[in-house]
Amino acid sequence: MRISSLIGFTLATIIGQADSSGAAVEGPHLFFSEADVPTLRARSESQPWIIEARRKFLSRADEFLRVPTEPYSLVSSENGPGTSGRAFQQRLGTLAFAGYLTGEEKYFQKARSLLLAVVRQYRANDRQAWPTHLQYADAAQGLAIGADWLNARLTAAERKEVRARVAEFGQLLYSDDSVWGRDNSSVMSCNHNAVQFGALGLCALVLGDRPEWLARATERVRDYFMHFVDQDGYATEGHSYLGYGLLGAIPFAHALSRNGGPDLMAEQPLLKATGEQVLWKLLPGSHHMLAMNDSEPIATNATVAYPMIKFGCATQLWAWWQSARAMRGPEADGVGNMTHGLSWPFLLLAGDLPAMPAAVPAGTPLGKRFASGRVFLRSRWNDPQAAHVSFTSGYDFHQGHNHQDENAVTLYALGEDFLTDPGYKPWESRHHTTLKLGRAEQVRGSIGKILEYREDDFGAFVHGQAQRAYDIGLEWIGHCDRRLYFVRTPHPYVVWCDDAQLESDGEVEYTTRFVTAPSNRFAVAKGGGIDIIGSRAGAKCRVRVFNLRGELAVIEDNLRSETFVERGQTYSTAKFLRRASATDRTEHLRLVTVAFPYTDEAMLPRISMHENEGGALVCELAFPKGGIDRVFFGSDGVARGERESP
């Protein structure tokens, strides 16, 4: 829909719902009406999983009854200044929606007090209250939701106060001269775009007489939906910012469609695929998420489940629900913490409930490649002891959340995080299971490429290329390829080959790193290599590294004095990870690494590596009970495996 026709729609359908005096219609209308409340209540009690979430939601509402409002503090023990707006919207929206679910006036009245407290105590341009556009956009969303859901419980004078503050926040969002209004695909794909303009759109819908705001919000949120995912539905900012972006976009898109505007979600056919990231990052047994880019190892907010329900993606919903239930404390069961904002109530507005999460069905593939350069591999579904492997080498639409992790590997098996991504921070290549090439580390804004991904009867093969990721101001990189082979059965393990060379003459030092969780331990292995000892159940992973001259020593790095700087603050690296490394001084690096999870040393194979007559590197694993696995890394870039039965 073009802007001109959208303005016509606005004048025809919205402006009659409120006038400038604040004499508005009774009851909510943006997301649901009073007539819809019985249906919402029935949906909240329709399935065991959502009943569980409803119970936690109402428990949080009871806690919020005790939140002081005279004055209302934007910062509390649960949130800092960066999430002040989200904390406000979560408290206000939880209380108001609890009123609709239960019919109890105490929730409405507390929400009313909270809404008026923020309206009277804080102005939109107060930079101590709202340091950046994200905070005042979050707050504007909360104000708009409060104005709609509490409309019938405000006096005419109070409505006028609330509308005036909504108009003030909306004007700031509309007139803000920042990068987020620019027509650039990397800007459009960023969560900031959705958060700012989704909030602007809700302000426009509340006021009903700002067609230019509504047109701008519609245009920008449409841009977000069109650009934030790759061809397979992967949001490259990571699952945490997938949730935040959708938190800004979906409430507005839902309200816009409900009130006669275009259905922005229906325009993006890949929206139903966004939950695939959640499904494939779910770690076996622990129900935690794999942290990649600026993401945390916990569930993202419930907004990600809206398209899962809307489009009937029951397996994605199962994965999100598993991760949501694994969260601890008040944020468990889908309600979310204060960084998540208000999201759970919108699940009752999505699609045709009841919706039941469905575990992964038999026959589901064990590997998934996303076009932007992420591959996720599993040994089995629905098995807490299964292995999970990731390989990343690609691009991010918006580089602000991109880590220096091209060709990085993670390995989770036997209930343990053996090779990990440290998560939101730190982000440098020295903090990931990657290579250092001479003096060169990967640079901010680095990109890689998946050259090939293939499944076969023996396992899965991934070939990544990362020479464009490194600092060419320090070294000229001829090539930097990592070829990974994941053997699934009968005992999962992973083997990879690093092939790299600088364009300078002579030998240089190449360092391969192994990053694990800070709660794990390293121990020098008697048979060669190093063991990563898991902190949960004590399972281990033997890591061994070979070149054609023999086996390299893998040694734990001393991180006690190592630090990194993130957003101007200095952190100790040792608080976030442990790291071991092996160094080879050579002109042309050709290394083979084996990471073999185990619980009993009697399971360990005898491992060796050689080059065959065809120039392929052959990694051979001879098992104690007989049988030999061979993984071939050919000079043509292809890898394959074979098994010699006992």
Side-chain angles (χ1 to χ4, degrees), residues 24-46 50-74 76 78-79 85-121 138-139 141-155 158-159 161-162 165-166 202 206 247 251 255 301-303 329-338 340-349 353:
V25 295
E26 296 293 315
H29 73 86
L30 290 189
F31 310 102
F32 58 89
S33 68
E34 289 283 359
D36 297 320
V37 172
T39 299
L40 296 180
R41 291 177 180 174
R43 287 181 171 185
S44 74
E45 298 177 314
S46 62
I50 211 159
I51 292 171
E52 196 173 337
R54 180 185 191 273
R55 177 189 57 79
K56 180 62 71 172
F57 183 79
L58 293 178
S59 174
R60 284 296 268 166
D62 289 336
E63 294 173 16
F64 293 155
L65 288 171
R66 300 189 291 272
V67 172
T69 56
E70 298 298 333
Y72 172 72
S73 176
L74 296 177
S76 73
E78 289 189 87
N79 72 282
R86 272 172 274 172
F88 161 62
Q89 66 173 245
Q90 190 182 76
R91 294 184 181 110
L92 172 68
T94 298
L95 287 163
F97 201 76
Y100 286 109
L101 287 184
T102 65
E104 296 186 38
E105 194 62 27
K106 64 180 180 180
Y107 296 118
F108 286 119
Q109 291 307 314
K110 183 64 178 183
R112 173 181 170 276
S113 297
L114 183 55
L115 174 63
L116 294 175
V118 172
V119 164
R120 292 167 179 170
Q121 294 172 30
D138 291 334
Q141 188 184 54
L143 289 170
I145 291 171
D148 185 59
W149 291 0
L150 298 172
N151 190 51
R153 285 163 176 82
L154 299 173
T155 66
E158 290 167 345
R159 288 188 196 116
E161 277 188 274
V162 172
R165 195 64 73 235
V166 169
L202 289 180
V206 164
L247 178 69
N301 73 54
T303 318
E331 62 263 31
D333 298 331
V335 177
N337 57 39
M338 288 302 178
H340 285 179
L342 180 71
S343 53
W344 182 80
F346 294 97
L347 298 192
L348 301 182
L349 305 172
L353 286 172

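The shown structure was predicted, so the numbers you read here are calculated from the model rather than taken from an experiment.
- None of L115, L143, I145 except one satisfies the side-chain contact (heavy atoms from CB on, under 4.5 Å) rule with L92; the exception is L115.
- Taking 4.5 Å as the limit, some side-chain heavy atom of L101 sits within range of a side-chain heavy atom of L348.
- Closest approach of A117 and T69 over heavy atoms only: CB-O, 3.5 Å.
- Distance check, rounded to the nearest 0.5 Å: CG of L40 to CD of E34 gives 10.5 Å.
- When every heavy atom of A98 is checked against every heavy atom of L58, the shortest pair comes out as CB-CD2, 3.7 Å.
- The two atoms that bring L150 and A96 nearest to each other are CD2-CB, 4.0 Å, heavy atoms only.
- With Q141 contributing its side chain and G85 its backbone, the two residues share no donor-acceptor pair below 3.5 Å.
- A distance-only check finds no donor-acceptor pair linking the side chain of N301 to the backbone of L342 [under 3.5 Å].
- The line from CG of L114 to CD of Q89 is 11.5 Å long, rounded to the nearest 0.5 Å.
- How far CG of N79 is from NE2 of H340: 13.0 Å, rounded to the nearest 0.5 Å.
- Using the six-membered ring where Trp is involved, W344 and F97 have ring planes that are perpendicular, over 60° apart on the 30 and 60° scheme.
- Counting heavy atoms from C-beta outward, S59 and R55 have side chains that stay 4.5 Å or more apart.
- In this structure, Q121 contributes its side chain and Y72 its backbone to a donor-acceptor pair below 3.5 Å.
- Atom-to-atom distance recorded for T94:OG1 and K56:NZ is 12.5 Å, nearest 0.5 angstrom.
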Using the side chain to side chain contact (heavy atoms under 4.5 Å, CB included) rule, take R120 and E158 through it: C-alpha gap first, then chi angles, then the decisive distance, then the call. CA-CA 10 Å; R120 292 167 179 170; E158 290 167 345; 4.0 Å; yes
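- Of all heavy-atom pairs between A302 and L347, the closest is O-CD2, 3.2 Å.
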Going through the distances and angles, do K106 and D62 end up as a side chain to side chain contact (heavy atoms under 4.5 Å, CB included)? CA-CA 10 Å; K106 64 180 180 180; D62 289 336; 4.2 Å; yes
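- Closest approach of L202 and A255 over heavy atoms only: CD2-CB, 4.1 Å.
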Apply side chain to side chain contact (heavy atoms under 4.5 Å, CB included) to the pair N151 and V162, showing each step before the final yes or no. CA-CA 10 Å; N151 190 51; V162 172; over 6 Å; no
What's the verdict on side chain to side chain contact (heavy atoms under 4.5 Å, CB included) for Y100 and R41, showing C-alpha distance, side-chain angles and the deciding distance? CA-CA 8 Å; Y100 286 109; R41 291 177 180 174; 5.6 Å; no
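- For the pair K110 (side chain) and V67 (backbone), a donor-acceptor distance under 3.5 Å is present.
- F346 and F31 have perpendicular rings, their planes meeting at more than 60° on a 0 to 90° scale where under 30° would count as parallel.
- No donor-acceptor pair closer than 3.5 Å links the side chain of E78 to the backbone N or O of N337.
- Here OG of S73 is found 13.5 Å from CZ of F88. Values are rounded to the nearest 0.5 Å.
- Contact record, T303 with S343: OG1-CB, 3.2 Å, taken as the closest heavy-atom pair.
- F57 CZ to I50 CD1: the interatomic distance, rounded to the nearest 0.5 Å, is 11.0 Å.
- The closest side-chain heavy-atom distance from V118 to R91 is not below 4.5 Å.
- Side-chain contact between L30 and W149 is absent, with no heavy-atom pair separated by less than 4.5 Å.
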